[in-house]
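Lettering follows sequence order; numbering is per chain, from 1. Quantities reported herein were computed from a predicted structural model and do not represent experimental measurements.
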Number of protein chains: 2
Amino acid sequence: MSSVTEKKTRMPSDERRELVLAAATTVFGDTGYAGTTTDAVARASGVSQPYVVRMFGTKEQLFLEVLHRALDKLDTAFRAAIAGDPEVGIERRLGLAYFELTADRGILLCLMHAFALGADPVIGTAARCGFMDVYRLLRDESGMSGQQAADFLAGGMLANVVLGLRLFDDYDTEPAVQELLGTVFPEKLDIIRRSHPPLTPSGPSRTAAPGR
Amino acid sequence: MSSVTEKKTRMPSDERRELVLAAATTVFGDTGYAGTTTDAVARASGVSQPYVVRMFGTKEQLFLEVLHRALDKLDTAFRAAIAGDPEVGIERRLGLAYFELTADRGILLCLMHAFALGADPVIGTAARCGFMDVYRLLRDESGMSGQQAADFLAGGMLANVVLGLRLFDDYDTEPAVQELLGTVFPEKLDIIRRSHPPLTPSGPSRTAAPGR
DNA sequence: GTCTATACCAAGATAGAC
DNA sequence: GTCTATCTTGGTATAGAC
């Protein structure tokens with residue numbers, strides 16, 4: 001009777017922890033550090049709010065862990081790309097690697113949020129170090145020049161903005177969006193559209209005029 | 001007796017409004033939309049918290065106004081650059097214009113924060129529209145190709161990140177930062193360092209190791 | 001036009017049961 | 001290991017005086 005059919009399939013705590021971290025990545029990506037409540041993370045992971053706090057100590061520590069994971073995934077992806085097929089140019093290999101990370105929007109969005117929080121003593125420090133680590137990796141271990149590395153990074157930052165602004169959702173209606181996306185993600189749009197269905201979590205009305 | 005020597009030199013409300021908006025731009029730039037309290041804005045402008053709310057209705061409306069102003073300044077600066085001396089290349093003219101905006105960090109940082117909040121129904125909508133307006137301006141009225149416009153934009157987004165991460169503060173101690181800044185802001189570093197003294201508002205200890 | 005006082009709610013964190 | 005209940009703080013917004 002007290003077997004597997006428990007409420008919510010009891011799982012090893014490591015696994016549950018991963019689940020919460022994944023959910024946190026998505027939620028932090030959507031609403032930023034300060035804009036995210038531990039309760040929102042809890043609901044997204046199907047656990048209680050106090051349990052989220054219990055697992056990570058504080059919201060700040062949870063975010064740091066999410067940030068750390070995101071940087072790790074980036075590092076891993078780039079190292080794999082660097083070690084990849086030399087037939088394909090390094091910039092293309094790295095570009096594809098970055099593009100693949102796009103599949104989990106939260107990873108790059110959490111980085112973007114962190115990169116804007118340099119004024120925060122603890123998050124800012126972590127973000128600076130992480131960012132510079134990425135830059136050094138690109139400059140020192142990919143064979144690219146400093147200028148190439150910076151240009152590549154710049155493209156990545158624009159990609160983040162495109163992600164952050166949810167421009168994919170306006171792909172069909174706005175010709176300019178279409179052209180921009182075409183140049184930001186050259187020749188990859190078909191894949192992009194598939195991995196970014198217009199899901200719109202709690203569908204805001206896209207029709208209202210903006211504040212201008 | 002009841003003359004000019006009033007507490008805090010009474011000023012026309014329009015002027016005070018501008019003052020609050022300027023302060024809000026700085027504070028929002030530092031701590032983001034959700035991370036900023038109306039009280040922090042109030043303290044930075046030397047008025048009371050309820051008065052800030054009274055002036056703008058809600059924190060959200062205040063942010064929208066700040067965002068709107070920031071986009072306006074960008075638009076104005078770019079249009080001036082486009083109309084500028086054709087002897088100097090368009091990219092350099094625009095780059096210098098963008099660089100000059102850097103003097104008031106808050107402008108670009110508020111944009112950056114907004115660009116990460118695309119999921120927010122109201123801020124996101126305003127941010128999307130503003131961003132696309134800028135892209136269209138660059139693409140349609142500067143004589144640049146779509147690709148050039150996107151590349152320029154990418155460089156701007158990297159500049160924002162550099163600003164957001166407060167990398168200038170690590171300029172002296174980190175060689176990699178030095179090289180990166182040199183390529184992000186080519187030949188402009190001398191000016192940059194002057195306009196960005198290492199003020200560090202409430203000086204966090206820069207020594208502690210990050211979360212990694 | 002600007003302040004003080006305050007109502008009200010949301011959110012992070014803790015205590016303690018199961 | 002995970003929940004419910006709750007304490008506590010801090011933050012937006014309102015009421016109303018000056």
For B/His68 and B/Lys73, what are the C-alpha separation, side-chain angles and deciding distance, and is it a side-chain contact (heavy atoms from CB on, under 4.5 Å)?
CA-CA 9 Å; B/His68 178 226; B/Lys73 284 190 187 122; over 6 Å; no
CA sep, side-chain torsions, deciding dist, call: A/Glu141, A/Arg79, salt bridge (Lys or Arg N to Asp or Glu O under 4.0 Å):
CA-CA 8 Å; A/Glu141 287 170 56; A/Arg79 285 183 193 279; 3.0 Å; yes
Measuring from the side chain of A/Val47 (C-beta onward, heavy atoms only), which nucleotide among D/dG11, D/dA15, D/dC3 has the closest atom?
D/dC3
Locate the shortest heavy-atom distance separating A/Thr102 from A/Phe185; write the atom from each residue and the value.
OG1-CE2, 4.2 Å
Answer with yes or no whether B/Arg43 presents, from its side chain, a donor or acceptor under 3.5 Å of a partner atom in the base of D/dG11.
no
5' precedence on DNA chain C between A/Arg54 and B/Arg54 (nearest-nucleotide basis):
B/Arg54
Nearest-Å distance, CD (A/Glu15) to P (D/dG1)?
14 Å
Closest to the side chain of B/Ser48, out of D/dA13, C/dT4, D/dG16, is C/dT4
What integer distance in Å separates B/Met55:CE from D/dT12:C1'?
15 Å
Short side-chain N/O contact from A/Thr38 to OP1 or OP2 of C/dG12, under 4.0 Å:
yes
When you measure only distances, ignoring hydrogens and angles, does the side chain of A/Gln49 come within 3.5 Å of the base of C/dA11 through a donor and an acceptor?
no
Measure CG/B/Asp39 against P/D/dT12 and give the value in whole Å, please.
8 Å
Select one nucleotide: of C/dA5, C/dG12, D/dG1, the one nearest the side-chain heavy atoms of B/Pro50.
C/dA5
Please evaluate residues B/Arg105 and B/Asp30 with respect to the criterion salt bridge (Lys or Arg N to Asp or Glu O under 4.0 Å), reporting the C-alpha separation (whole Å), side-chain torsions for both, the decisive distance (0.1 Å), and the verdict.
CA-CA 9 Å; B/Arg105 211 168 47 185; B/Asp30 276 350; 3.8 Å; yes
Tell me the interatomic distance from B/Phe56, atom CZ, to D/dA13, atom P, rounded to whole angstroms.
13 Å
Which one, D/dA13, C/dT2, C/dA13, comes nearest to the side chain of A/Lys59?
C/dA13
For the pair B/Asp140 and B/Tyr135, evaluate side chain to side chain donor-acceptor pair (under 3.5 Å) and give the outcome as yes or no after the intermediate values.
CA-CA 8 Å; B/Asp140 300 338; B/Tyr135 172 65; over 6 Å; no
Over 60° means perpendicular and under 30° means parallel, so classify the ring planes of A/Phe63 and A/Tyr33, tilted if in between.
tilted
So that I know where these two stand, are B/Phe56 and B/Tyr51 an aromatic pair - ring centroids less than 6.0 Å apart?
no
Once you round it to whole Å, what is the distance between C1' of D/dG11 and CD of B/Glu60?
16 Å
Pairing string of DNA chain C (Watson-Crick or G-U wobble, both atom distances under 3.5 Å; | = paired to other strand) is ||||||||||||||||||
For B/Tyr51 and D/dA17, what is the distance between atoms OH and P respectively, to the nearest whole Å?
19 Å
Using whole Å, report how far OH of B/Tyr33 lies from C1' of D/dT12.
10 Å
